[in-house]
Amino acid sequence: MNKNKLTDFIYAAMFAALISVLGFLSIPLPFSPVPVTGQSLGVMLAGSILTARQANLALLTFLLLGVAGVPVFAGGTAGVGILLGPRGGYLLGFWAAAILIAFMRRQNGKLWHLAAANIAGGIGLVYILGVCWLSTVTGMPLAKAITVGALPYIPGDLFKVIIATLVGSAVARHLPGAKATS
Ligand SMILES: O=C(O)CCCC[C@@H]1SC[C@@H]2NC(=O)N[C@@H]21
């Protein structure tokens, strides 16, 4: 295996582990099947720091571990049932979001570029896939799915955008081969 591939696998494993650990920060909401979770912060950090290829590998590893029964999904859950259940769209959204953020991030770009990428991927894309899936799987009308599956999470996820943008830009500057943001 060449050095670049090894680096990709090491970074992917580190971020799959980070997202899994942040999944234990999970707060159930009584009115929704979707918990507040730290996972999306890990997803935004992956997109903010890794290349698109590394982010893809990280999220693929995270999803495969969860499907294989390792308790990496929110609140220490696992299994294909979670992926096919009401929360599955958010999990697929995580995958797409990490790749989108990494693609949108500009080399030596401004901090607000990274913040915009985190909002587009970590909130926009995750919510679109999550809410549409939630509505389809549960039979909930779309408006209700937006009310219980998106609106309550916006303040917390905007806070995660700020953290991921500041931490991501600082870390990326010091990682070999990573893209710096100023
Ligand atoms: O079951 C899982 O592992 C996925 C949970 C998804 C939670 C979503 S992600 C976007 C929104 N922000 C949160 O803090 N929770 C929801």
Side-chain angles (χ1 to χ4, degrees), residues 12-48 50 55-102 104 114-138 140 142-168:
M14 279 167 51
F15 277 84
L18 176 70
I19 297 164
S20 307
V21 168
L22 288 172
F24 282 96
L25 290 175
S26 171
I27 305 168
L29 298 181
F31 54 85
S32 172
V34 183
V36 173
T37 144
Q39 290 160 308
S40 39
L41 174 60
V43 170
M44 292 180 209
L45 283 169
S48 301
L50 303 180
N56 177 35
L57 267 179
L59 270 293
L60 200 54
T61 305
F62 164 73
L63 291 176
L64 288 176
L65 284 173
V67 168
V70 183
V72 296
F73 295 152
T77 54
V80 75
I82 301 289
L83 202 60
L84 298 178
R87 288 144 47 184
Y90 299 96
L91 289 165
L92 293 179
F94 288 165
W95 190 4
I99 297 169
L100 178 74
I101 295 165
M104 280 183 72
L114 184 56
N118 276 318
I119 290 172
I123 297 184
L125 196 51
V126 170
Y127 283 31
I128 288 170
L129 288 172
V131 164
C132 290
W133 189 288
L134 176 64
S135 167
T136 307
V137 168
T138 61
M140 218 182 255
L142 197 56
K144 172 108 195 281
I146 292 171
T147 307
V148 302
L151 298 183
Y153 310 93
I154 292 174
D157 284 347
L158 284 174
F159 182 66
K160 292 173 205 166
V161 166
I162 295 171
I163 304 283
T165 302
L166 295 177
V167 174

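In listed order, ligands and their atoms are each counted from 1. When reading the values below, keep in mind they use all heavy atoms of this one structure, side chains included, and skip hydrogens, waters and symmetry mates. One-based numbering along the sequence shown.
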Practice task
For side chain to side chain contact (heavy atoms under 4.5 Å, CB included), just list the numbers for Ile19 and Leu59, CA-CA rounded to whole Å, side-chain angles, deciding distance to a tenth of an Å, and then say yes or no.
Solution key: CA-CA 9 Å; Ile19 297 164; Leu59 270 293; 3.8 Å; yes

* To do: Apply side chain to side chain contact (heavy atoms under 4.5 Å, CB included) to the pair Leu65 and Thr61, showing each step before the final yes or no.
  => CA-CA 6 Å; Leu65 284 173; Thr61 305; 4.2 Å; yes

* Could you go through the side chain to side chain contact (heavy atoms under 4.5 Å, CB included) check for Phe31 and Thr147 one step at a time? => CA-CA 10 Å; Phe31 54 85; Thr147 307; over 6 Å; no

Quick one, Lys144 with Thr138, criterion side chain to side chain contact (heavy atoms under 4.5 Å, CB included). Give me CA distance, side-chain angles, the key distance, then yes/no. CA-CA 11 Å; Lys144 172 108 195 281; Thr138 61; over 6 Å; no

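Contact atoms of ligand 1 toward Val34: 7 (C), 8 (C), 16 (C) (distance under 4.0 Å to a heavy atom of the residue). Every atom of ligand 1 with a heavy atom of Phe73 under 4.0 Å away is listed here by number and element: 3 (O). Those atoms of ligand 1 with a heavy atom of Phe94 less than 4.0 angstrom away are 9 (S).
Nearest to atom 1 (O) of ligand 1 among the protein's heavy atoms is Arg87 NE, 2.5 Å. Given atom 6 (C) of ligand 1, the protein heavy atom at minimum distance is Tyr90 CB, 3.6 Å. The shortest contact between atom 7 (C) of ligand 1 and any protein heavy atom is with Thr37 CG2, 3.2 Å. Nearest protein neighbour of atom 3 (O) of ligand 1, counting heavy atoms only, is Ala74 N, 2.7 Å. Looking only at heavy atoms of the protein, atom 15 (N) of ligand 1 is closest to Pro35 O, 2.8 Å. Of the protein's non-hydrogen atoms, the one nearest atom 10 (C) of ligand 1 is Asp157 OD2, 3.7 Å. Here the heavy atom of the protein found nearest to atom 5 (C) of ligand 1 is Gln39 OE1, 3.5 Å.
Between the side chain of Thr136 and the backbone N or O of Cys132 there is at least one donor-acceptor pair closer than 3.5 Å.
Just one of Leu129, Val126, Val43, Thr37 meets the side chain to side chain contact (heavy atoms under 4.5 Å, CB included) condition when paired with Tyr90; it is Val126.
Considering CD1 of Ile162 and CG of Leu41, their distance stands at 11.5 Å, rounded to 0.5 Å.
Look at Gly130 and you'll find every heavy atom at least 4.0 Å from all atoms of ligand 1.
Between Phe62 and Phe94, the ring planes lie tilted relative to each other; the angle falls in the 30° to 60° range.
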